[in-house]
Amino acid sequence: MCGIIGYTGEDQALPVLLKGLRALEYRGYDSAGIALCGGNGITTVKAKGRIDLLEEKLKISPPEPSFCGIGHTRWATHGAPSDLNAHPHSTENLSLVHNGIIENYAEVEAMLKGFGYTFVSETDTEAAAKLVDHFYKITCDPVKSVFSATGFLRGSFAFGVIFRDVPGKIYAVRRDSPLIVARCNHGSLIASDIPAILPYTKKYFRLPEDTVAVIDEKSTEFFGRDGKKLSLPEETVDWSVSEAQKSGYPHFMLKEICEEPEALRKTVGARLVDSLPDFKDIIDRIPERIHIVACGTAMHAGLIGKTLIEMFARVPTEVCIASEFRYRDPILHGNELVLLLSQSGETADTLAALRHAKAAGVPTLAIVNVIGSSVAREADRVLYTLAGPEIAVASTKAYSVQCACLALMAIDLALKNGRMTEKEARGLTETLLTSVPEAVGKVIGMSEKIKVLANEFTDTEHLFYIGRGIDCDLCAEGSLKLKEISYIHSEAYAAGELKHGTISLVTDRVPVVAVMTDRSLAGKTLSGVREVKSRGAHLLVLTTDGVKESLGAPIPCDKTITVPEIGCEDCPYLARLLTLFPAVTALQLFAYHAAADRGLDVDKPRNLAKSVTVE
Ligand code: G6P
């Protein structure tokens with residue numbers, strides 16, 4: 001979503017701000033702006049659209065040199081993307097950037113109008129900027145004015161503020177929206193996310209809620225609401241600049257797909273003791289029911305989790321979209337478990353669901369990729385996936401490692417409740433650690449072949465994915481991946497359900513991708529395949545040699561992607577379900593190549609954000 005960067009120090013601020021904004025581009029945005037503090041007061045430049053347009057504007061009328069400034073990428077919530085609605089929002093005294101949503105902005109605006117303020121934008125942020133300005137006029141103290149304003153505001157926010165009268169200092173505060181502060185060789189920084197500070201330092205402070213940070217060329221200071229100085233622990237980023245760069249790949253998405261084998265090995269390896277999953281620190285007893293709650297791709301990993309946990313361990317498992325969870329008055333008991341899945345750990349809906357579960361007294365466990373993120377900190381227990389930074393908006397490697405954690409958990413639960421022997425559990429665990437990453441690597445090696453197939457779909461407008469059982473779960477993710485980045489409308493359907501209505505949409509212009517990796521259900525899916533084929537659909541089948549053999553007759557389709565089938569002598573049937581991993585990689589590559597062939601901005605699809613920090 002929106003991105004914040006602020007720099008004050010010995011160097012010119014503008015290049016640092018622009019570089020920071022570029023590093024935050026992946027979060028998704030539709031306008032950008034900067035404000036610089038200089039001898040003539042504050043200069044603000046904003047532009048609708050990409051950062052290139054902002055840079056063009058800055059080239060046409062360059063601002064005077066400045067060593068202190070703030071920058072922002074905005075993802076529109078209140079008011080359309082426009083120059084006027086873009087941040088920073090300025091008053092005669094200050095300039096402010098904001099991530100999040102001010103819920104009571106209308107009330108604040110009405111109050112400020114009473115004091116003579118006028119409003120020009122459609123944003124909630126303008127109310128926040130003018131509220132700080134109002135208190136600054138009363139107190140003449142930046143820290144006090146920021147605290148007074150935040151005491152009034154409801155909602156989520158991370159603010160960066162510069163004051164005309166205090167050149168060289170940046171003030172920052174946050175509530176329910178992340179913000180970090182860092183020292184580097186030549187100054188200090190604030191940022192909404194780590195990639196923006198990585199070129200300068202790997203050390204940072206995580207700003208606690210309702211704490212004001214004051215940074216200048218030489219220092220970073222933190223103040224509590226009582227005015228007392230706080231000392232915060234400095235944390236160190238555990239990933240490198242190159243991990244946050246494309247390293248020769250045309251897109252982050254392709255790079256991240258190619259990182260899947262390593263991410264799987266690391267994530268699975270980290271959870272093993274004596275070659276078995278070790279969840280001692282996380283699950284003390286078998287929950288009566290598991291509620292998996294998540295958004296987007298993470299929710300789709302939850303679907304896989306449900307299938308695996310129920311198949312392996314027979315523990316009843318529900319999957320709920322996080323934005324729906326708390327509004328459906330879920331029936332929760334203390335002997336159940338609410339399992340939150342989130343790559344970023346900052347998704348507002350997932351965080352709200354977590355808080356709802358905690359308030360209901362249910363134990364919570366988070367599976368999160370970003371260390372120290374809000375979901376990770378607030379859940380009772382946390383299990384980290386080790387995917388490394390994921391930059392592309394479309395999530396790929398994070399999905400695979402979430403599925404791997406859920407598979408490990410399914411094995412652990414099955415072993416605990418006697419549904420699986422230790423030999424079977426060891427066999428499956430070893431398969432996850434070695435055969436699965438190997439098979440995923442083989443699919444990555446098929447990328448060029450998948451590209452040729454995907455390019456046949458460049459002119460497609462609508463498409464269906466069909467499958468049964470775990471293949472149906474994979475279809476949900478394959479379809480989401482395709483539509484979010486290629487803008488080809490697609491729907492995932494249970495293969496047996498298509499005939500109950502939607503098959504009326506299938507024609508020779510509506511291709512179908514059939515996912516058939518589960519031998520036990522492939523024969524059934526075949527009926528669906530025949531039904532769409534006889535309606536003229538161009539048909540691509542994703543399958544395995546094992547499935548083809550088991551069917552005994554050729555699948556009536558136009559094209560095939562054959563992925564390696566996962567096997568394990570000790571537990572052949574359950575191991576075959578793990579074919580989900582190479583299969584999803586093929587679906588991700590298919591979506592990637594379809595979008596790249598359309599010449600689209602694969603890593604930053606329109607209107608989408610990497611981490612959605614508003615409800
Ligand atoms: C956004 C992103 C998706 C992601 C979802 C959940 O919608 O565009 O790629 O799957 O948020 O994100 P999380 O960080 O909670 O996994």
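Positions are given from 1, in the same order as the sequence printed here. Start at 1 and go down the list; that is how both ligands and their atoms are numbered.
- When the shell of 6.0 Å around NZ of Lys48 is examined, it contains 12 or fewer heavy atoms from other residues, nucleotides or ligands.
- The aromatic rings of Phe159 and Phe157 sit parallel, their planes meeting at an angle under 30°, below the 60° perpendicular limit.
- Nearest protein heavy-atom contact of atom 16 (O) of ligand 1 is Gln343 N, 2.7 Å.
- Annotation: atom 6 (C) of ligand 1 to nearest protein heavy atom, Cys295 O, 3.4 Å.
- Checking Thr585 against Glu260 by side-chain atom types alone, a donor-acceptor pair falls below 3.5 Å.
- Nearest protein heavy-atom contact of atom 4 (C) of ligand 1 is Thr297 N, 4.3 Å.
- A salt bridge does not link Glu235 to Lys203: none of the charged nitrogens lies less than 4.0 Å from a carboxylate oxygen.
- Every N/O-N/O distance between Thr350 and ligand 1 stays at or above 3.5 Å.
- A 6.0 Å sphere centred on CG of Leu18 holds more than 12 heavy atoms belonging to other residues, nucleotides or ligands.
- Residue contact check for ligand 1: Val393 places a non-hydrogen atom closer than 4.0 Å to it.
- Residue, atom and distance of the protein heavy atom nearest to atom 7 (O) of ligand 1 are Val612 CG2, 3.8 Å.
- For the residue pair Thr307 and Asp473, a side-chain donor N or O sits within less than 3.5 Å of a side-chain acceptor on the partner.
- Only the backbone of Lys610 comes within 4.0 Å of ligand 1, judged by heavy-atom distances.
- Nearest to atom 12 (O) of ligand 1 among the protein's heavy atoms is Thr347 OG1, 3.4 Å.
- Under 4.0 angstrom from ligand 1, the non-hydrogen atoms of Ala609 all belong to its backbone.
- The contact set between ligand 1 and Ala298, taken as ligand atoms under 4.0 Å from a residue heavy atom, comprises 10 (O), 16 (O).
- Of the candidates Thr517, Asp471, Asp518, Thr579 forms a side chain to side chain contact (heavy atoms under 4.5 Å, CB included) with just one, namely Thr517.
- A salt bridge between Arg381 and Asp284 is present, with a side-chain N of the basic residue lying under 4.0 Å from a carboxylate O of the acidic one.
- Counting atoms of ligand 1 from 1 in the listed order, those under 4.0 Å from a heavy atom of Ser342 are 13 (P), 14 (O), 15 (O), 16 (O).
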